[in-house]
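Since the structure comes first, as structure tokens, the remarks are kept for the end.
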Protein chains: 2
Amino acid sequence: MPTEKTLRAGSAQKRAAILASARELFLTEGFDRSSVDAVAARAQVSKRTVYDYFGDKQTLLHAVFDEVGQSLLATVRRTLTDTLEGLTDPAELEPALVEFSMRITTDMLDSAEYTTLQRFVNTASGHLPHPDDRALTNAPEEAMGERFAALAKAGLLEVPDPRLAADHFIALTFGVTLSRLGSANAEKDSRVRPLIVEGVRAFLRAYRR
Amino acid sequence: MPTEKTLRAGSAQKRAAILASARELFLTEGFDRSSVDAVAARAQVSKRTVYDYFGDKQTLLHAVFDEVGQSLLATVRRTLTDTLEGLTDPAELEPALVEFSMRITTDMLDSAEYTTLQRFVNTASGHLPHPDDRALTNAPEEAMGERFAALAKAGLLEVPDPRLAADHFIALTFGVTLSRLGSANAEKDSRVRPLIVEGVRAFLRAYRR
DNA sequence: GAGAATGCACTACACCGTGTAGTGTAGTCT
DNA sequence: AGACTACACTACACGGTGTAGTGCATTCTC
């Protein structure tokens, strides 16, 4: 077995530290410009340990990618049920959608996670081979689509293609905000809310029953 | 004057060749992963000449950035007048918008120019200091805003904030297409047109008079 | 049960190979 | 004569590996 590589199970603490460090650096500085030395230093761990836990830099990127994707999906799901569960009053629809969108947008913009995540998917240095990745990336949109379908069933929206509606909603709120204010501070920026509100209104004009 | 650098005026031909080569490489491979040697080789020019024309790699990037921005703006303006000039028949609005959007989207997706342009603005290795850049990046949206305002004046649209409407239109058509199909082949891909059509329809539901 | 031995995660550090930005220069082409 | 090339060269950063050594817990031994 020449290519047999034994990765240590190790204290989950160090592993988490390395992962957090890599996540922070990769997402802010970019993958190429983040050296493994820097990741190790930030995690207060020797470079050798990084290589013992994760085999190489690509694998480390992959681990970060998975983690970010999972946490993003979890946030979306939680916020979805927090703000849009069991809505029946049409008058509450707009404020609820604004609330949902604001929470997601501020969450995402602050750490620039979604942005760089997408950047990884499209441009990643060295293509990502795992087919799981696309699925993971699309999962948040799927979840939103299901929620929109539920709102349609409740008679609040008219949504022939829920998944497409989800894409449109994201584009009108998060997408516009991101492209206007390039991933800089979100909840503090007073320009965010009006953009979101207008995005939600446009969405409702297009999709309200 | 210690930092005085003398850049050659030189035959515009070589300069253009270098610029084209850099543009191609930077946009497809990414800035970091494109070596100056590769740029020089592709332009069939010695590396020394590259450094004689442009001072360093950053400056070369900046020149590419400007050129792409200008050409993008020109394309948008031309397509705008080609497809949306002097529209009066409401029935022609949807097909005209689809046509406009298809042409822009296929143009942009094929060479991935817009994508990577945006990527440069936000993440560029070494922040771009020039204030011109943001303005240049926003110019296409401004142009579209003006056209939408004209369509509103003609009674075809209801557009209180033309610039915002432009952002919404881009998000619904180009933005959605880009995020679904990651910048891969455009006019050949049969999934593009339906996405654009649905984006335009959603836009019209939200903005039609 | 005290102390030695063992195993293991981890560090510190040197090292290799390679890729790349940028320069200096001698020579060639027009 | 000046634009341009070919090329050698510097300086450096980075990915990855090998290894000597350290701290520490568990286990073995008497």
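The structure displayed is predicted, hence computed values, not measured ones. All chains are named by letter (A, B, ...) in the order of the sequence lines, taking the proteins before the strands, and each is independently numbered beginning at 1.
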Whether A:Tyr53 contacts C:dA9 is assessed here as follows: a side-chain N or O lying under 4.0 Å from the phosphate OP1 or OP2. Is that the case? no
Closest to the B:Tyr51 side chain, choosing from D:dG16, C:dT11, C:dA21: C:dA21
Name the atoms and distances for all side-chain donor-acceptor pairs under 3.5 Å in residues 36-47 of chain A, with sequence neighbours left out.
unit_1: A:Ser46; atom_1: OG; unit_2: A:Arg48; atom_2: N; d: 3.4
unit_1: A:Ser46; atom_1: OG; unit_2: A:Thr49; atom_2: N; d: 3.2
unit_1: A:Ser46; atom_1: OG; unit_2: A:Thr49; atom_2: OG1; d: 3.0

Just to be sure I understand the rule, does B:Ser35 reach a base, reach only the sugar-phosphate, or reach nothing, if contact means heavy atoms closer than 4.0 Å? sugar-phosphate
Give me the ring orientation class for B:Phe100 and B:Phe169: parallel if the planes are under 30° apart, tilted from 30 to 60°, perpendicular past 60°. tilted
Would you call the rings of B:His168 and B:Tyr207 parallel, tilted or perpendicular if under 30° counts as parallel and over 60° as perpendicular? tilted
Can you tell me how far P of D:dG16 sits from CG of A:Leu61, to the nearest Å? 12 Å
Separation of D:dT17 atom C1' from A:Lys57 atom NZ, nearest Å, is 17 Å
Note, A:Leu93 side chain near A:Leu87 side chain (heavy atom, < 4.5 Å): yes
Between B:Arg205 and B:Arg201, is any pair of side-chain heavy atoms under 4.5 Å apart? yes
In this structure, how many angstroms lie between the C1' atom of D:dT5 and the CG atom of B:Asp37, rounded? 14 Å
Calculate the interatomic distance between A:Gln13 atom CD and C:dC8 atom C1'; express it in whole Å. 17 Å
Any side-chain heavy-atom pair of A:Leu204 and A:Leu157 under 4.5 Å: yes
Could you state the CG-P distance from B:Asp52 to D:dT5, rounded to the nearest angstrom? 9 Å
Nearest whole angstrom, please: distance from the C1' of D:dG16 to the CG of A:Leu60. 14 Å
Pull out every residue in residues 41-48 of chain B that has a heavy atom closer than 4.0 Å to any atom of DNA chain D, ordered by number, or say none. B:Gln44, B:Val45, B:Ser46, B:Arg48
The side chain of A:Asp56 is closest to which nucleotide in this list: D:dC4, C:dG22, D:dG16? D:dG16
Distance check needed: D:dT17 P versus A:Phe54 CZ, whole Å only. 16 Å
Roughly, in whole Å, what's the span from NZ in A:Lys14 to C1' in D:dG23? 11 Å
Is it true that A:Asp82 and A:Thr79 share a donor-acceptor pair across their side chains at a distance under 3.5 Å? no
